[in-house]
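Have a look at the structure below before the remarks.
The sequence lines fix the lettering, A, B, ..., with proteins before strands; numbering per chain opens at 1.
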Amino acid sequence: MKELADNIIEIEHVSKKFGRVVALDDVSLTVERGEVVVIIGPSGSGKSTLLRCINHLESVDSGRIVVDGIPLTQAKNIDKVRAEVGMVFQLFNLFPHLTALQNITLAQTVVRKTSASEATSLARDLLAKVGIPEKADAYPAQLSGGQQQRVAIARALAMQPRIMLFDEPTSALDPEMIKEVLDVMLDLAREGMTMVVVSHEMGFVKAAAKRIIFMCEGHVIEETTPDGLSLSACKEERTRQFLGKILS
Amino acid sequence: MTVKTRPVQNKTSETTPEEKSLWQRLDRWWLLFVGVVVLTLWLTQTRPDPYRRILVYLEDGLRVTVGVTVVSFVFIVLVGLIGGLGRISKNPLIKGVASVYVEIVRGIPLLVQLMFIYYASPIVIRGLGESLAKSWPAMSARLIAIKINPFVAAIVGLTICYGAYMSEIFRAGIESIPKGQMEAARSLGMGYLQSMRFVVLPQAIRMILPPVGNEFVALLKDSSLVSVVAVADLTRRGREFMASTFMALETWLMVALVYLLMTLFLSRIVAYIEERTNYSR
C-alpha cells in the first residue's frame, strides 16, 4: 500500500487521437511524490496533451490515469482531482475582469468555501511569495507577462495542490521575464512540490529536474537524468538531433 | 481635413476621455434630440387642440408600451441566457432543442407569432383539454377554462420571438471568450456552471451589452405590433384616437414623435455603453 501511494501520478498505456492525428500512443509514466519531471520534445510530440490529460482537460481514448489514488474515469472525480492539481498555462489565462487578488481568491471561495478574509490573507501571502505583493489590486492587463504568469502560479497554489503542472510556462514571455518565473518555479521545486513541467528551459532542467522525459510523435522515447543530458549520453538518434538544437 | 496623429500612449496608464467642450458635445444626436423636443413642445403649446389632447390621450398607451417592453425584456434576457447556454451545450438533446427553437422562431414573422399565440393557441389548449376529459378531468376542466389575457399573450409572444435572437447574442458572446478562460477555471476545480457564472459570463456580458441594448430599442419599436392582439399600447391608442376624430396626420405625427423621443434617448445610452466597453478592452 505504501509503495502505491508514493506514485502520485500513474499513467498506464494511454492513447489519444485528435481526429486522425495520433497525439499519444500507448504512453506510460509514473511520477513519485515530490519529484520534478520535465517533458521535452519537438512541437506536436504530445507533451502538452499528456499534461492536459493529467487533469482531464483532455479525455483519453484508452488507458488509465490515476492521480493521488483517484482514477480519472468518472465525472464525479474530475473536479476533486482538479482541485488537487494546479495548472499553469502558456498564455497565463488569468481572468481579465478580476484583479490579481481576486484571481487568486475566486476558486478558494467557490470550490473550497473558504471565508473571504481567509482567502484574501492566503492570496496576499502567495503574492508575496511570488514577489509581487504590491500588485494585488492590479488587473491582468496592467501587469507584464512575467508578473501575470507569477499571479497565475499563485492562483494555482491557492488551492494548495499536491501536484503542479506547467505547460510551457515561459514560452510566451520576453527573455528578461523568463528568469523571474523560473525562480518561482525553482523555489517550489526546493519545497518538495511534485511538478510536471513541459519546458525547454535548460537552466531550469539542470537546476531542478530529477527526470527528463523525451517525447516524440506521441511516444516516450527516452528517459534520462539531468546529468545524462548530453549529446553523447543519449541512446536515441532523434533525442540527439533535438538536443543538438536546444543545447546549442 | 487635417491628418490626425495619435500620440503613443503608455500601455499601463488609464486612458481618460478628454474633457469635451460644450460645443463639441452638441453633436448631431443632440441637435436631433433637441429638435424633436422643441417640435413636440411647440406643437403642444401653439396648438393645444388637437396636439395636447392627443398627447393626453396617448399617455395610458405610453405606460402600456413601456410596461410591456420592460417586462418582456426581463424574460427575454432570461430566455436568451438559457437558450445561449443550450446552443453551446455538449449534450446533443439540449443543443438540439435550443437550435430548433432558434431556427423556427427566426423563420416566422413576429406579427404572425403574436396572432398565433392570441388567436390560435386557445384552440390548441381547448383541444388538449377536451382530449383529457376522460383520463384527467380536473386538468381538463382547468385547461378549457383558460382565457388568454392579451397582456400575457403579448409578453409571451415578444419573449419567445426576441428570446431566440437574444440566445444568438448570448451564444456569440460566450463563444467570443477564449477557451483558456474556461480551462483555467475548470483546472482550479470549479464546475462547468461555476466557471460560467464567475469567469465566462461576466466577460461575455461586457461584450454583448451593446447588442443587447440595441435589442431593447428594437423591442420598444416592435412592441407596437402587440396592438393587434387587443393590448391598448401607444399605437393602438393612436388608432383609437384617429378612428374617433379622423385626424390622421396629427395623430400619427404625435405617436411617431413619442416613439422617436424614446428611441433617440435609448440609442444614446447604448452608444455610451459601447464607448465604455471599448475603453475597457
**Q.** Contact class of A:Val110 relative to chain B, heavy atoms under 4.5 angstrom
**A.** both

(Q) Counting heavy-atom pairs closer than 4.5 Å to chain B, which one of A:Ala156, A:Ala83, A:Ala138 comes out on top? (A) A:Ala83

Q: Taking all heavy atoms of A:Phe95 and all of B:Ala184, pick out the closest pair and write down the distance.
A: CE2-CB, 4.0 Å

Q: Please state whether the side chain, the backbone, both or neither of A:Leu91 comes within less than 4.5 Å of a heavy atom of chain B.
A: neither

Q: Rounded to the nearest 0.5 Å, what's the gap from CD on A:Gln102 to CZ on B:Phe198? Could you check?
A: 12.5 Å

Q: Give the minimum heavy-atom separation between A:His97 and B:Pro202, together with the two atoms involved.
A: CD2-CB, 3.5 Å

Q: Please flag which part of B:Gln181 lies under 4.5 Å from any non-hydrogen atom of chain A: side chain, backbone, both or neither.
A: both

(Q) With a sphere of 6.0 Å drawn around CZ of A:Arg64, does it hold more than 12 non-hydrogen atoms of other residues, nucleotides or ligands? (A) no

Q | Heavy-atom check, side chain of B:Val199 versus side chain of A:Leu106, under 4.5 Å | A | yes

Q | Which of B:Gln194, B:Glu183, B:Arg197 touches chain A most, by non-hydrogen pairs under 4.5 Å | A | B:Glu183

Q: Name the region of A:Leu94, side chain, backbone, both or neither, that has any atom closer than 4.5 Å to a heavy atom of chain B.
A: backbone

Q) Which one, A:Arg155, A:Met87, A:Lys80, leads in non-hydrogen pairs under 4.5 Å with chain B? A) A:Arg155

Q | Close side-chain approach of A:Asp79 and B:Arg186, heavy atoms under 4.5 Å | A | yes

Q: Ignoring hydrogens and angles, tell me if any N or O in the side chain of A:Asn93 forms a donor-acceptor pair with the backbone of B:Gly180 under 3.5 Å.
A: yes

(Q) A side-chain contact here means heavy atoms from C-beta on lying under 4.5 Å apart; do B:Ser187 and A:Arg52 qualify? (A) no

Q.
Could you check whether atom OH of B:Tyr272 has more than 12 heavy atoms from other residues, nucleotides or ligands sitting under 6.0 Å from it?
A. no

Q | Flag if over 12 foreign heavy atoms under 6.0 Å of CZ, B:Phe75 | A | no

Q: Please report the shortest heavy-atom distance between A:Met159 and B:Leu188, naming the atom on each side.
A: CE-O, 3.2 Å

